[in-house]
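Here is the structure we will look at, set down as structure tokens.
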There are 2 protein chains.
Amino acid sequence: MTEEPQVRKRDAAATRAALLDAAAALFAERGFDRTTVRDIAKLAGANQALLFRYFGSKDALFEEVLARGGREQIATTPPDELLGTALRSMLESDTGRDRTLDAYLRSTGHDSAAAAVRRQLGEEYAKVLATLTDAEDADLRADLILAWLLGIGLVRDITGKEPLASADPDDVCRLVLGAARTLLERSG
Amino acid sequence: MTEEPQVRKRDAAATRAALLDAAAALFAERGFDRTTVRDIAKLAGANQALLFRYFGSKDALFEEVLARGGREQIATTPPDELLGTALRSMLESDTGRDRTLDAYLRSTGHDSAAAAVRRQLGEEYAKVLATLTDAEDADLRADLILAWLLGIGLVRDITGKEPLASADPDDVCRLVLGAARTLLERSG
DNA sequence: GCGGTTTGTAAGCAACTGCTTACAACGCTA
DNA sequence: TAGCGTTGTAAGCAGTTGCTTACAAACCGC
């Protein structure tokens with residue numbers, strides 16, 4: 001995720017990508033408000049003026065980070081595996097895993113344009129999850145599953161609460177998927 | 001929650017309380033980082049220097065807001081009703097309801113001392129929730145329930161996602177409590 | 001090589017931030 | 001009423017913020 005500090009000579013695309021990667025890393029680590037454009041530029045090894053040339057504003061950059069990271073998983077996972085896959089990718093603390101969710105969760109105080117991206121991202125996830133049940137209120141049930149996913153990420157990665165924070169992913173998956181199945185299957 | 005703008009003449013306790021109320025309201029609405037001490041003082045009808053005299057720092061004020069609001073409910077609710085009560089109080093959009101959870105959720109990017117309060121608050125809730133099951137991994141299951149509660153608050157109040165945001169509290173309670181019961185009861 | 005465009009840089013601006021200080025007004029006690 | 005601690009106020013400080021500007025250096029077609 002973080003780029004190597006090798007010298008790039010006059011490569012706009014690479015500089016843009018480096019800024020985007022650096023921004024994603026810092027937003028995930030500190031949230032929107034506590035990340036400065038100076039820090040992003042420094043981590044990317046670029047001049048901060050370029051950040052504004054390529055993205056326009058810090059807001060727009062944040063928007064692009066969220067949009068890029070969020071849509072990846074949803075596009076590459078079949079619906080009936082989305083819940084398990086999303087849950088697992090959140091539970092596994094791979095050093096190189098995508099941290100877009102952290103950026104999302106750590107920036108909940110920030111409104112503006114990013115709120116629209118956040119909402120739309122939620123819509124897309126929920127839409128897929130809703131296909132997993134044929135209950136009348138499928139959309140509501142999907143929202144509740146989505147809420148659970150986000151809540152688990154919140155408690156694990158932000159609050160760091162034990163025992164959930166360092167629980168075995170298998171155990172968590174078994175418990176969550178079990179309860180989620182009853183939520184999705186019972187049509188009462 | 002907001003105080004009446006009546007003139008108070010030299011009443012330290014009232015001024016302190018007004019600052020605390022104003023802070024709670026603004027932190028809930030905008031989160032920690034996007035709330036300024038000037039705004040808090042202005043809403044409270046007090047001078048901002050008093051904020052530092054009575055609370056020491058913005059951080060300490062935030063800590064006190066979280067600690068005050070969070071412990072109320074937990075202290076006044078019997079364990080076996082805590083889940084339902086907490087869920088309901090979150091779902092009902094009373095204008096005068098306690099918005100401490102919002103302050104909590106909107107300030108997830110903020111570390112420091114408040115993180116300790118946040119964690120301890122979670123501990124207390126989870127400890128009570130853990131008494132609801134006699135499964136071996138009761139603490140983990142309690143964490144998952146807590147995560148669900150927070151996630152629902154996140155999706156409802158912060159993201160504002162439909163249909164969950166304006167769903168009938170009864171429907172949500174029925175679905176969540178149903179699934180939660182299977183999570184707590186099955187000892188496998 | 002030359003002109004113009006693209007990429008990178010340094011410096012700074014104006015606004016805002018948390019917090020402090022120096023001081024005035026008040027009210028209680030003696 | 002005089003003295004004094006408490007409460008309230010105005011102003012400002014030093015640092016940080018997002019963003020802009022003016023300019024230098026590299027690149028490309030000719």
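For the OP1/OP2 pair of C/dT6 and a distance below 4.0 Å, the side-chain nitrogens and oxygens of A/Tyr54 include no atom meeting the criterion. Between D/dG8 and B/Thr15, a contact under 4.0 Å exists linking OP1 or OP2 to a side-chain N or O.
Along DNA chain D, the nucleotide nearest to B/Arg38 and the one nearest to A/Asp33 differ in position, and the one closer to the 5' end is contacted by B/Arg38. Between B/Gln48 and A/Asn47, the residue whose closest nucleotide on DNA chain C is further toward the 5' end is A/Asn47.
When rounded to the nearest whole Å, the span between CG of A/Leu51 and P of D/dG18 equals 9 Å. Nucleotide D/dT16 holds its C1' atom 14 Å from the CZ atom of A/Arg30, rounded to whole Å. If you measure from atom CG of B/Leu50 to atom P of D/dA10, you get 11 Å, rounded to the nearest angstrom. Regarding A/Phe62, its CZ atom lies at a distance of 16 Å from the C1' atom of D/dG18, rounded to whole Å. Atom C1' of nucleotide C/dC19 and atom CD1 of B/Ile40 are separated by 13 Å, given to the nearest angstrom. Rounded to whole Å, atom P of D/dC19 lies 14 Å from atom CG of A/Leu19. D/dT7 atom C1' lies 10 Å from atom CG of B/Asp11, rounded to whole Å. Distance, B/Lys42 NZ to D/dT9 P: 15 Å, rounded to whole Å.
Atoms OG1 and CZ, on A/Thr133 and A/Arg181 in that order, are 13.0 Å from each other to the nearest 0.5 Å.
In this structure, the side chain of A/Lys161 does not engage the main chain of A/Leu154 through any donor-acceptor pair within 3.5 Å.
In the set C/dA10, D/dA10, C/dC19, C/dA10 carries the atom at the smallest distance from any side-chain atom of A/Ala49. Of the candidates C/dG18, C/dG8, D/dG18, the closest approach to any side-chain atom of A/Arg53 belongs to C/dG8.
With hydrogens and angles left out, the side-chain atoms of A/Thr108 and B/Thr108 include a donor and acceptor closer than 3.5 Å.
Side chain A/Arg10 to base D/dC27: no donor-acceptor pair is found below 3.5 Å.
Both A/Phe62 and A/Ile158 are part of a single hydrophobic cluster, where members link through side-chain heavy atoms under 4.5 Å apart.
For the salt bridge (charged side-chain N to carboxylate O under 4.0 Å, His left out) with A/Asp21, the lone residue among A/Arg68, A/Arg16, A/Arg99 that qualifies is A/Arg68.
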